Structure formats: C-alpha cells, structure tokens
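Notes for the one structure printed next.
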Amino acid sequence: MPISGFPEWLPPQRIIEQRFLDKIRSTFELYGYAPLETRAVEPLDILLSKGETSKEVYLLHRLQEDENAKREDQLGLHFDLTVPFARYVVENNGKLQFPFKRYQIQKVWRGERPQEGRYREFLQADIDVINRDTLPFHFDTEMPLVIGDVFRSLPIPEAVILVNNRKVCEGFYRGLGLADTAQVLRVVDKLDKIGPEKVAAALVETAGATDAQAAACLALAEISATDGSFVDRVRALGVTDPLLDEGLNELLQVVETANEHNPGLVRAELKIARGLDYYTGTVYETQLKGYERFGSITSGGRYDNLASAGNTRFPGVGISIGVSRLLGLLFGQDALTVSRSVPTCVVVAVPSDDKRAECDRIASALRRRGIPAEVAPTAAKFGKQIQFADRRGIPYVWFPGEPDTVKDIRSGEQIEADADSWQPPAADLHPDVSAR
RNA sequence: GUGGUCGUAGCUCAGCUGGUAGAGCACCGGGUUGUGGUCCCGGGGGUCGCGGGUUCAAGUCCCGUCGAUCACCCCA
C-alpha cells in the first residue's frame, strides 16, 4: 500500500526523472557548482534555529531510545537543503575555498498534508553560493540564468521566474513610516489569496497603517514588469529610503542581467515575499505556464544571516528546483512521454534454446560498443519475441542466423548486420524523453 | 495538524429505493510449425481500499481507519 505523501514512480517515470536529473546536474556543473551531499538528519536545534518552530519536521527515534535523552540531541530529517548546507559550510569552513559554489540534489521531508504536487518526501535540486564576510551581488543575478538554462534543456512548458527584493519592501514600508515591516510583508503576501480590500483592512488592523499607507503598500505590490520600468513606477509612489534605493538597484541588476542572456525568463513582481524568514534580499519564485495554481516549482533567495562562526558571517544566495513537484504535476497532466519503458535498445531473439549461448555472445558484442542489449527470455515464436520488444518500446530485434539480421520493428525494415560493427542511430541508443 | 469530497477487475467505469458483482480496453491461449501490432474464437482475474456496526440480508446505510484530492496552514 502506498504511504500518503511518499510517491513511488513507475520505471518509465523514473527514466524521465533520471533524464531530468542528468540535465539539471550537467547544467549546474557547466556553471562550476561542485557536487555535495549532506546527511539526511540534522540536530533539531539546527533545523529550528532560524526557521519557525512550526516547521513540520520528522523526528528520528531509536527503538531503544533512552528516556532521558536531551532535546538538543534529538535528530530530525532535513526539510530543505539550505539549512544543512549552511551548517556544513560553518563546520568545514577551514577546508573550503570561498566563494563556495555547490549543488545538492537530495530528498527532503516535510510532515505536511500531501496534495497534487505536494509531498512529504520529495526531491530538490539546489544551487547555492556562500562566501565569507560578504558575498558580491552579481551571484544573485546568476541564479535565474542557471535555472533558465536548466529549463531550456527540459521538455517542459515555458516558465517565468518571478523576482523581488525584500529590501525594496522593507525600505518602502519604512520610508512610508510603518515600523513593523515584517508584519506588513506577511499581510501583503496574502494578496493573491484574500484580495486587496482584505489586505488593506488587515494592514490597518494588525500593522498600524493608515488607509493611505495601506493603499501605498498595495500600489507597490501591484507593480510587475519584465524590464527596468518598475523602478520609475516605484519612485512615482513618492517614498524615499536608503534601503529602498539599495533594493531597487539590486532588483534592477537581476532583471537586466536576465534580459541580456535570456529575455522573458525573469519578471520583477513586487508582491512576492516567500515564506522562509531567513531571506534578506533577492527572492525568487517560479511559475510554470499552465500550472500556476500549483505554486512555485523553483524558488530561493539571498540569506545574509543564516550562518556564522564566531565573528565571521557566511552570507549566501541560492535557488532550488522542486524536482518532485515539477514531475508530479507533469505526470498528472500526462505531459511527458518516454519512447520505451526499459533501457534496452536491442532484443536478441532466441531461435531455439541450444542457440542461447550464441545469442549471449551477440549481446555481449553489442554491449561492448555501448549498445544496451538483452537476450529474449524464452525461445518462443518469433512473433512473441518481437511482441516482447514491442510492448516495452524496444526499437530493434536481432535475429541470429547466416547471416545475422536486425529488424527495426517500428518500420519493419530488416537488414543484414554484424554484431561487431552494426550501429543504431544515436537517437535510438537510449530512451527518448519528450513532451507529449 | 484542521475541515470537505471521493475510493468497485491492471485502466475507464456501470451496479435503481440494501437481496451476497458486470462492460469496454488491457492481459493470457488458439486461429497463424515459428517475424508482432488488424480481425475472429476462447480464457484467467475482484474477500467491491481496510476494520467494525445496523440488518434475516450491505458494493449499496452508520462509525473508524488508510489512500487520493481540495481548502486552510505551509511551501518545492
């Protein structure tokens, strides 16, 4: 029986997932991110220190647990890859070269109620850059470029990365005269859910805003642009604050850099805030065209205060692809296909049981040259053996004989072939993953 | 974690106001002594998610539980 929130795919789906992971990994490496894997568990106090205590963390218990085990010794499964990474950097900071760029593709666990595209165990693909003391801003502009390249390499619908900067919001609210900027942010974040009227009312009630201040917050949240025009629109609201200027400048850099390399990829969207409270500047979210209602499939941001050791700070910026969500949604819409359900490219037909050894030799010769091959399970009628391949989407059946022949069962074409030299078209060598 | 909807063969579903299960597709075999995907014939397969209750009798009513899904929460 399945366990709620712990999805298990079928082989064709796993083939698609692996192909996605191959593309993600190679793109990350093209940008110079180093591979890293951290343990599945962290001490509970690490997991909860910066995040909220309301985090749905899975705890690890030993069957023979000591009753008076201390709470700080309690282990929990990590719910993201950023917090463990920050811990890892602090722990190994003497052995790492900074700025340190790494990617991490691992399972994470959250004890929330599952729904479509929301799981309790799921795969994330993260990139982060962490530096000692200060981290140059241009790394914030690199994140969308990497993700944009990943998206371009995958057979998925168009995606738009929505970007904002918390300094813009905080500076704006402060310049407006609102002291509790965090509360304003929390309320404004609900704009899409509850609408502008209720947000305005909540700002007045819970953040001490006047009607005019609330209106200004909403005006800021409405701003959205695919180019640098958002700067003037913010300025037109007449609020001034040094932090606001800093944020606008940063956000502008992200948008302009993206437009130079990948036009249409990024959109400044001043209403997005992101849930995680450790972000201090740039924040990213991603909408997949046609799947907007299922939430962000890629997100992250800048965190200047997540990690520190003594007097040394380790600011970072990162972004994470929700691989399981992305695949779960696309699977749900039947939006992806694979050409076959197994890696096999050639089935070697077995004419009779006494010829099996010869068939094994043929398969070996093919494999030696990198052609995935398997010998038919039984010396059934050739029709059955062809059917065996057809059911799995395997494109070729090899018939031992004098001479050997190989049949492309899609076209029916059958030609003489030598196991030491025959080569299938490159496109047939491995399962082909594509949009349906 | 809170609340709503749903759960019958591998898949899509039918089963009236309760009387102890069906179709199509898929699968297996044969027609086709050996090169498939069409067609024809035949066949296997379900303790009706699971557990309990009401009833002479439950797939059909009630409760619980598990799973899927939706909203909240949170977020990939």
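Not measured: the values here are computed from a predicted model. Naming: A, B, ... by sequence-line order, numbering from 1 per chain.
Atoms CD (A:E285) and C1' (B:C75) sit 9 Å apart, rounded to a whole Å. Here B:A76 presents its C1' atom at 14 Å from CG of A:L21, a figure rounded to the nearest Å. Rounding to whole angstrom units, CG of residue A:L10 and P of B:A26 are separated by 19 Å. If you measure from atom CZ of A:R391 to atom C1' of B:C27, you get 8 Å, rounded to the nearest angstrom. Rounded to whole Å, atom P of B:C70 lies 6 Å from atom CZ of A:F294. With rounding to whole Å, A:I105 atom CD1 is found 14 Å from B:A76 atom C1'. Per the geometry, CZ belonging to A:R186 stands 19 Å off P belonging to B:C72, to the nearest Å. As rounded to whole Å, 18 Å separates atom P of B:C50 from atom CD1 of A:I3.
Taking atom P in both B:G42 and B:C25, the straight-line distance is 14 Å, to the nearest Å. Annotation: B:A9 and B:G45 have their C1' atoms spaced 7 Å apart (nearest Å). Here the separation of B:A14 from B:G1, taken at their P atoms, is 32 Å to the nearest Å. Taking atom P on both B:U17 and B:G7, the two are 15 Å apart, rounded to the nearest angstrom. If you take atom P in B:G19 and the same atom in B:A57, they sit 14 Å apart, rounded to whole Å. Nucleotides B:G44 and B:A23, compared at atom P, are 12 Å apart to the nearest Å. The gap from the P atom of B:G29 to that of B:U47 amounts to 24 Å, rounded to the nearest Å. Comparing the C1' positions of B:U8 and B:A68 gives a spacing of 16 Å, expressed to the nearest Å.
For B:A68, one of the phosphate oxygens OP1 or OP2 lies less than 4.0 angstrom from a side-chain nitrogen or oxygen of A:S4. Taking 4.0 angstrom as the limit, A:Q115 places a side-chain polar atom (N or O) nearer than this to OP1 or OP2 of B:C70. Here A:T298 does not reach the OP1 or OP2 of B:A76: none of its side-chain N or O atoms lies under 4.0 Å away. Note on A:R118: every side-chain N or O is 4.0 Å or more away from OP1 and OP2 of B:A71.
The side-chain heavy atoms of A:S4 and A:R120, taken from C-beta on, include a pair separated by under 4.5 Å. Residues A:P315 and A:Y303 are not in side-chain contact: their nearest non-hydrogen atoms beyond the backbone lie 4.5 Å or more apart. Inter-residue side-chain proximity for A:R369 and A:L366 is flagged as met; some heavy-atom pair is nearer than 4.5 Å. Counting heavy atoms from C-beta outward, A:V168 and A:L244 have side chains that approach closer than 4.5 Å. By the 4.5 Å heavy-atom criterion applied to side chains, A:R110 and A:D80 are counted as neighbours.
Taking all atoms of both residues into account, the shortest heavy-atom contact from A:C359 to A:P400 is SG-CG, 3.8 Å.
Base engagement by A:G117 is indicated by at least one non-hydrogen atom pair under 4.0 Å involving a base atom. Heavy atoms of A:A389 sit nowhere under 4.0 angstrom from any nucleic acid atom. Across all strands shown, A:G5 has heavy atoms under 4.0 Å from sugar-phosphate atoms exclusively, and none from any base. Using a 4.0 Å heavy-atom cutoff across all strands shown, A:Q124 reaches sugar-phosphate atoms only and no base atom. Heavy atoms of A:A379 sit under 4.0 angstrom from at least one base atom. Here A:S324 lies out of heavy-atom contact (under 4.0 Å) with every strand. Among the heavy atoms of the strands lying under 4.0 Å from A:K190 are primed sugar atoms or P, OP1, OP2 only; no base atom is included.
Nucleotide B:G22 forms a Watson-Crick or G-U wobble pair with B:C13, both donor-acceptor distances falling under 3.5 Å. B:U55 makes up no base pair with any nucleotide shown, lacking Watson-Crick or G-U wobble contacts both under 3.5 Å. Base-pair partner of B:G64: B:C50 (Watson-Crick or G-U wobble, both distances under 3.5 Å). Base-pair partner of B:G42: B:C28 (Watson-Crick or G-U wobble, both distances under 3.5 Å). With a 3.5 Å ceiling on both atom-pair distances, the Watson-Crick or G-U wobble partner of B:G1 is B:C72.
Each of A:R293 and A:V350 was matched to the nucleotide of RNA chain B holding its nearest heavy atom; the match closer to the 5' end belongs to A:V350.
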Could you walk me through whether A:F98 and A:F314 pass the ring pair (Phe, Tyr, Trp, His ring centres under 6.0 Å) test, one step at a time?
CA-CA 10 Å; A:F98 291 94; A:F314 293 93; 5.6 Å; yes
Could you walk me through whether A:F79 and A:F122 pass ring pair (Phe, Tyr, Trp, His ring centres under 6.0 Å), step by step?
CA-CA 10 Å; A:F79 57 83; A:F122 58 97; over 10 Å; no
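For the residue pair A:Y31/A:D149, the side-chain donor-acceptor check at 3.5 Å is satisfied.
For an aromatic pair to be called close, the ring centres must be under 6.0 Å apart, and A:W109 with A:F6 fails this.
The A:P114 side chain lies nearest to B:A68 when the options are B:G3, B:A68, B:G34.
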If you restrict it to nitrogen or oxygen atoms, what contacts under 3.5 Å exist between nucleotides 35-42 of chain B and the protein, and what is each distance?
from  : atom 1 : to     : atom 2 : distance (Å)
B:U35 : O2     : A:K407 : NZ     : 3.4
B:U35 : O2     : A:Q414 : OE1    : 3.4
B:U35 : N3     : A:Q414 : OE1    : 3.2
B:U35 : N3     : A:Q414 : NE2    : 3.3
B:U35 : O4     : A:Q414 : NE2    : 3.2
B:G36 : O4'    : A:G383 : O      : 3.4
B:G36 : O6     : A:I409 : O      : 2.9
B:G36 : N1     : A:I409 : O      : 2.6
B:G36 : N2     : A:D390 : OD1    : 2.5
B:G36 : N2     : A:D390 : OD2    : 3.1

